[in-house]
Each structure stands twice: as structure tokens, then as C-alpha cells.
Amino acid sequence: MSALSSIHFLRQLARLYGVQTAYYDVNRHRQQASEESLLAVLRSLGAPVASIQDVPSAWRERQQVLWQRVIEPVVVAWNGESLPVDIRLPLSAANANLNCHLDLETGEQLRWEWHGADFEVLKAANVEGRPYVVKQLPLPNQLPWGYHRLTLELLGRQEGSVIVSCPLKTYTPPVEREDRSFGVFLPLYALHSEKSWGSGDFSDLHNLIAWVAGIGGRVVATLPLLATFLDEPSEPSPYLPASRLLWNEFYLGINVVPELEGCPSAQALLESSSFQNEIKALRNLPLVDYQRQMTLKREVLKELCRCLFAKASGRLEELHRFAEANPLVEDYARFRAAGDKHRNPWRLWPHPLRDGTLTERDYDEENKRYHLYVQWLAHQQIESVFKEARARGVQLYLDLPLGVRPDGYDVWCERETFIPGAYAGAPPDAVFTQGQNWAFPPLHPERIREQGYRYVIACLRHHLRYAGILRIDHVMSLHRLFCIPKGLEAARGVYVRYQAEELYAILALESHRHKTIIVGEDL
């Protein structure tokens, strides 16, 4: 095969995987992706291409996979009105009958039979010697808003799709046109008070809400409040969290923890001169020392945790109920406790642990209890902040970052959701002339669809439960994201496309369900 033919097939294969082969830079110059970059990104997306010689067979295989998919894994029904959906069928089954089952989120099930002979062929193709046709499947109209599961049965085989029935736009509050409001933006770590320990905490956020409400404001905005690593490895950046599904115990207000009143050991620690001197030193620092402050907080929180687990109580029962209702938090606690024991990133753990399987031998129970306890407290304190805001007519304006640390919890437990061999970033521009590598793995555009966007929805709901307004970091990522293969410079990345309509549909649906305004950050 000639070099020209190989490049042609490579670009065709890239398009089948949603990879752009070129883009226009800030100077409107066309930048063509290199062969090396395309091959590397395609490998990361799952294409079997060790070298350029593998491209033709990989292209044929991808063609077959796409045509063998009877229906797309996700379908959008705007305003509950379903357009006919394309379905791909082998020519031999073009006139067959399909049994259709639509399980609504409400629990109701709709059943009907689709007769292939009644529908005309819209498109035909011959893929690796096998003929296929495209026909259309009408779906019921006026579907209730929600995520509905469509199952098609054909010749003993089942194919499924998630139908996202959603409003046309994201939520807008019912206010008069002339109604205006104002508020404040303040990173919580910068919100110092006489009672905090060198950075702001949830108690300070309480007080800020009360102050803003007192001067007539209606919005309090801050940076992401998500879980981070503050021991080893340490990464305090709010835009590189350990998880987008858990809160950050760094912001706990220690003085309002209920266990403090009945825990003499924690009280003695807090009142000791050495401890008070350390708090005073932290307050006087010009910058926030995350590790030093978290080390201090953890000492007290560990004592409070021991006191709670030392005897039966209503609070302990409440914690057990929380853990039972939130198995993800319990799993996260095990993950963090295993990290405490091994003292290195999860990719360096032994294989069963690295692959997502933890047993009680893999961590210390006391550390697991600690991480469960502080997550419980963080959930309680942010819920208290939310209730304070709602009572005072103030909206919390939260921030959903684009990515998570590659050695964090989300990538460990949801690794199929991410592109393993690439980092997200941005191409060169007037400021970052060499491009940017943001050091976190992008979401895998195909896998998140196959999962019905389960992880994306979970991240949104984690924030929307409390946010009156939610900022979506780098909103262009709903359309495409600049992916940099590991080992290559940032400037050699390529754009990978996402199904924007499906992501907008999920945003619209979830924003209405939680009555949250959505803001997209676009630089």
C-alpha cells in the first residue's frame, strides 16, 4: 500500500472514531494532525493500530462494528417529541419484525411491534461483503421527561438505547425581566476569619451567606469544593480533584462538629499550647499551607472519629445509615485508606488493588472509618450551608471542573470512562505558545455513551443537589476536547469530538429537575 493511500485510510479511520484530522489555530492557520499523533490517539480510543500498516484492517473492523449496531446507544427526544430513529439492519432482516420495549423512568412499560416491510430503505451499504440497509423506527411522542430504556429484539438478539426526553433549554427561573440581583465571588480558601485555621471553611461560608443576604445580595459563588489529595501525593488545586463525586474535608469547620462536645481527647488536643501555636502560625502565613493545615485538622478529626465509634449512639447509627445509602462513599473511604497504607498512587499498587478490588487486608479499618467519617461531616456541613442559603434567599454558585487527577478515585473506579493514553489540554495560542497539558485524562466519548452517561450524570447531580447556579468549566468540551497522547508535546495534540446534543440534553433535563441555572465557561 502506498504512503498516500495509508494516510487516506488513517484519516478515514480517525473520522470513524470522532477524531479531527486538522483544526484552525488562533491565527486561522490550518494545523494538520501528524500521523504519529493520530495513531496514538486512536490507540487510546481502542483502535487496534500498532502501526500505520494496521490502519486498513482497523478501518474495516470499525466499519463493521458501526453497521452491526442496530441503534445508537443514546437518542434525544427534545420536549418529549421523538423523531424517527435510524436503525441499521442486515439486508436479510430488512423486512423482519422488531419487538420494541420502552421502559419509562416512571416504571411504565410500552410495547409494540415494528414491521420492517412497512418502511422504505433510506440508505444501503455493503460492508466487508455483507449488505446492510437503514430504515426508520418511529418512537412514541409526548414522552415524560427522564431517562427511558429502549430494547429492540430481532432474531433472538437484543439491542438497547437510552432515550433522553428533555426540555428544549436549561432551567431559567420565573422572574420578571427587570428583576436584577447581585452577589459575591470568593474562593473559600481565601475566606479567612478569626475562628478558621488559615483558610476559610464551611462555617465561614455560612457567615458570608448571612452577610451577603444582609446587604441585599442573592448569589455566593466559589471555586470547586471537591475532594483533593492533601497528604502524599499532594495536589490542592480545585481543578484537579481526586473525585468529582465527593466533597473536600479540608473545608470542615471543626468547632461545629457535634462529636467535639463529648470527646475529651479532641478537646485536650485543641486546647494544648502547641496546637494553638500551630493554628496561630497558620493564620499568620501569607499563603494557605494546605498540607500543614490538613495535618492539623486530621489529628483532631481522627480523635473525633475514635470517640464516635467507641460506643453506640444515635450519631453512629446515623453514620451507618449514611454509609448504607451512599455505597460510593464507603468505596471511596476504602480507596483512600488503601492509599494511606501504600503511600503511592494506585497505578503502583499490587494488581488486585490496582484493578479495583479491595479487601479488608488492603487497608487499615481505622483509616477507612476516618475517611468515611469526614465525608459524612462534609456532606452534613455543605447541606447546612445550602439550607442557610435557601432560608435567606441566596443561591450557591458552584463550579464543576473539567477533569480529575489520573491517580484519583474516579479514574480508579471508572477507568473505562476515561481515555487511558492521553491528557486533556489546549493547542498553542498567543499566551501559551507551546500549548497546554492539563494533566488529566479526557472522558472517552464512546464509553460514556455506552454507559448512558452514568458518570456524567452522577457528577452533575452531586453539584446540582446544592447549586442554584452551576458553572461548567470549559464548556467547549461538550463539543470537542484537545487530547494529547502521552509522550508527545502539548502542541501535537488532536481534537476528539463528543456528542454535544446528548450532553446538552442531559444538562437541560438535570437543570430543570434541580431548578439550577447552568453557566458555561468559554474562554
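Computed from a predicted model, the values in this text were never measured in an experiment. Atom set for the values below is all heavy atoms of this structure, side chains included, hydrogens, waters and symmetry mates excluded.
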Check your understanding: Does Arg449 have any side chain to side chain donor-acceptor pair (under 3.5 Å) partners at least two apart in sequence or in another chain, and if so, which?
Key -> Glu72, Glu502
Point to revise | Considering all heavy atoms, the nearest Leu143-Leu102 contact | key: CD2-CD2, 3.7 Å
Point to revise | Pairing residues for Glu318 by the side chain to side chain donor-acceptor pair (under 3.5 Å) criterion, not counting sequence neighbours | key: Gln380
Check your understanding: Charged N to carboxylate O under 4.0 angstrom, Glu366 versus Lys302?
Key -> no
Review point. For residues 189-228, which residue pairs qualify under disulfide bond (SG atoms under 2.5 Å apart), counting only residues two or more places apart or in two chains?
Key: none
Point to revise | For Val184, all residues meeting side chain to side chain contact (heavy atoms under 4.5 Å, CB included), sequence neighbours excluded | key: Leu208, Trp211, Val212, Val220
Review point. With sequence neighbours excluded, what pairs up with Asp340 under the salt bridge (Lys or Arg N to Asp or Glu O under 4.0 Å) test?
Key: Arg298
Study note, to complete from the structure: Between Phe250 and the options Trp197, Phe229, Tyr290, Tyr189, the ring-ring contact (aromatic ring centres under 6.0 Å, His included) test singles out Tyr290
Practice item. Could I get the full list of salt bridge (Lys or Arg N to Asp or Glu O under 4.0 Å) partners for Asp429, not counting sequence neighbours? Key: none
Point to revise | Pairing residues for Pro485 by the side chain to side chain contact (heavy atoms under 4.5 Å, CB included) criterion, not counting sequence neighbours | key: Ala40, Val41, Leu488
Practice item. Could you list the residues that satisfy side chain to side chain contact (heavy atoms under 4.5 Å, CB included) with Gln381, not counting sequence neighbours? Key: Phe202, Leu252, Val256, Val257
Revision key, fill the gap. With sequence neighbours left out, the residues meeting side chain to side chain contact (heavy atoms under 4.5 Å, CB included) with Glu521 are Arg471, Asp473, His474, Leu523
Practice item. Indicate whether any N or O donor in one side chain lies under 3.5 Å from an N or O acceptor in the other, for Asn141 and Glu81. Key: no
Point to revise | NZ (Lys486) with more than 12 external heavy atoms under 6.0 Å | key: yes
Check your understanding: Are Arg334 and Glu360 ion-paired here, with the side-chain N under 4.0 Å from a carboxylate O?
Key -> no
Revision key, fill the gap. With sequence neighbours left out, the residues meeting salt bridge (Lys or Arg N to Asp or Glu O under 4.0 Å) with Lys387 are Glu383
**Study point:** Pairs involving residues 246-260, ordered by first then second residue, that meet salt bridge (charged side-chain N to carboxylate O under 4.0 Å, His left out) (sequence neighbours left out)
**Key:** Glu259-Arg315
**Study point:** Derivation and outcome, ring-ring contact (aromatic ring centres under 6.0 Å, His included), residues Tyr455 and Phe418
**Key:** CA-CA 10 Å; Tyr455 173 74; Phe418 297 89; 5.6 Å; yes
**Study point:** Residues that Trp376 engages under side chain to side chain donor-acceptor pair (under 3.5 Å), provided they are two or more places apart
**Key:** none
